[in-house]
K.L.:
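Handing you a structure now.
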Amino acid sequence: MTDANPIIPHLIASSTSWIEGEAVRQLEHTARLPGMRAAVGLPDLHPGKGYPIGAAFLSERIYPALVGNDIGCGMALWQTDLTARRFKPERAAERLSGLEGAWDGDLAAWRADWKLEPTAFDRALGTIGGGNHFAEIQQLEQVFDAPALAALGLDTEHLCLLVHSGSRGLGEAILRAQVDQWGHAGLDPHTAEADAYRLAHDHALRWAEANRALIAQRLLTALGAEAEQRLAVWHNGVESVAWYDERLWLHRKGAAPADRGPLVIPGSRGALSYLVAPMGDGAINLRSLAHGAGRKWKRGEARARLSGRQRPEDLALTALGGRVICEDKDLLYDEAPESYKGIERVISDLTEAGLCQVLATLRPVLTYKMRRSEQSHRTGRIHQRRMRQD
DNA sequence: ATGTTC
């Protein structure tokens with residue numbers, strides 16, 4: 001079911017930027033959905049499961065499948081009290097483990113602080129998850145706008161912590177219930193069904209935000225550090241927006257909001273991240289910016305392509321000198337810098353289009369993705385041995 | 001992306 005008179009999607013990328021054909025086809029297909037009013041592909045556009053990632057869509061209807069399973073996924077930045085001069089990455093790495101398991105703190109109090117209802121997925125509160133999610137200690141590298149940095153409460157002496165995670169199994173369950181009941185048809189916003197989805201969606205936004213805060217707290221506790229949150233955005237979600245004289249629904253799928261002040265657009269583990277200030281009125285970019293470098297290779301593809309030239313231990317230390325904790329080999333390869341496009345081009349596409357300016361860059365120092373417990377480590381080896389025999 | 005795996 002597609003619209004007879006589709007709107008023309010706008011792609012924000014210079015002519016020499018490489019965008020996968022499949023991603024553009026998905027963008028065009030999505031632009032044909034009924035009620036679609038505008039569609040934009042950002043420079044990190046890449047193929048997703050039916051719908052592209054790195055895109056924003058303005059529509060008369062609400063499309064849960066367009067938001068995807070990781071409702072509320074986003075980035076939050078803290079300034080820590082760790083000083084860059086004294087920080088010892090190798091010692092810090094030794095202290096970081098166990099963030100995959102359930103938090104042993106007072107979950108009820110945490111839920112109350114964040115106005116969360118109990119869910120069947122609360123054991124995952126405070127866990128990073130897989131895919132491109134991470135918690136990363138970063139150091140401000142180059143400052144282009146010192147007053148803006150000071151206004152944000154950031155300084156170059158202290159290390160930052162950037163957390164990228166989402167709503168884990170909760171968002172997945174919300175999407176699955178929608179697709180089971182309604183397929184991909186989308187919801188009329190003036191219905192009880194739409195109200196029910198919005199309620200669950202908005203709860204997942206808060207859950208995801210609370211998750212990022214608890215991840216930060218657990219990591220900082222392990223390091224004996226304290227921090228204050230400076231920036232927080234989500235890049236998967238749908239919201240009601242006043243668009244000229246209409247009320248429409250703005251879907252962001254791997255698209256950062258450009259209407260909530262400065263934000264960090266992270267590169268891969270082997271690249272700088274960019275602290276940017278959005279610019280412009282948001283008309284051509286649907287009030288959205290890229291959410292990262294954008295995947296170049298599909299998940300599951302990287303290990304075969306890379307393992308001949310890079311061993312897992314090579315990937316544990318990046319070109320910029322950052323350490324990476326990731327004891328899942330497939331994940332380590334999938335998230336290797338080579339699996340991603342260059343963040344520099346993504347940022348220059350945005351700045352050349354007049355959509356943001358760079359305030360500062362941040363260098364990755366220590367990235368935590370996942371540590372295996374002793375027990376699951378053994379299980380993993382047994383599993384691998386059995387697979388080899390098959 | 002996913003208490004991802006039957």
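None of the values given here were measured: they were computed from a predicted structure. First the proteins, then the strands, lettered A, B, ... as listed; each starts at 1.
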K.L.:
Starting from P on B:dT4, measure out to CZ on A:Arg176 and report it in whole angstrom.
P.N.:
10 Å
K.L.:
Charged N to carboxylate O under 4.0 angstrom, A:Arg260 versus A:Glu239?
P.N.:
yes
K.L.:
Side-chain N or O of A:Arg168 versus OP1/OP2 of B:dG3: is the shortest distance under 4.0 Å?
P.N.:
yes
K.L.:
Rounding to an integer number of Å, can you tell me how far A:Asn211 CG sits from B:dG3 P?
P.N.:
11 Å
K.L.:
Need one value for A:Ala173: base, sugar-phosphate or nothing, where a base atom within 4.0 Å counts as base even if backbone is also close, heavy atoms only.
P.N.:
nothing
K.L.:
Please report, rounded to the nearest Å, how far the C1' atom of B:dT4 is from the NE2 atom of A:His133.
P.N.:
13 Å
K.L.:
What is the separation between atom CD1 on A:Ile128 and atom P on B:dT4, rounded to the nearest whole Å?
P.N.:
18 Å
K.L.:
Counting the atoms with a prime plus P, OP1 and OP2 as sugar-phosphate, which does A:Gly169 contact under 4.0 Å by heavy atoms, base, sugar-phosphate, or nothing?
P.N.:
sugar-phosphate
K.L.:
Check this for me: A:Glu301, atom CD, are more than 12 non-hydrogen atoms of other residues, nucleotides or ligands nearer than 6.0 Å?
P.N.:
yes
K.L.:
Quick one: label A:Gly130 by what it contacts on the DNA or RNA (base, sugar-phosphate, nothing), any heavy atom closer than 4.0 Å.
P.N.:
sugar-phosphate
K.L.:
Over how many whole Å does the gap from A:Ile174 atom CD1 to B:dG3 atom C1' extend?
P.N.:
15 Å
K.L.:
Using atom NE2 of A:His291 as one end and atom C1' of B:dA1 as the other, report the distance to the nearest whole Å.
P.N.:
11 Å
K.L.:
Round to a whole Å and report the spacing from NZ of A:Lys49 to P of B:dT2.
P.N.:
13 Å
K.L.:
Any Lys/Arg nitrogen of A:Glu117 or A:Arg111 sitting under 4.0 Å from an Asp/Glu carboxylate oxygen of the other?
P.N.:
no
K.L.:
B:dA1, OP1 or OP2 - any side-chain N/O from A:Arg299 closer than 4.0 Å?
P.N.:
yes
K.L.:
Between A:Lys253 and A:Phe57 (side chain of the first, backbone of the second, donor and acceptor by atom type, cut-off under 3.5 Å), is there such a pair?
P.N.:
no
K.L.:
Do A:Glu100 and A:Arg218 meet the salt-bridge criterion of a basic N to acidic O distance under 4.0 Å?
P.N.:
no
K.L.:
For B:dA1, does OP1 or OP2 lie under 4.0 Å from any side-chain N or O of A:Asn132?
P.N.:
yes
K.L.:
Under the 3.5 Å rule, do the base of B:dA1 and the side chain of A:Asn69 count as making a donor-acceptor pair?
P.N.:
yes
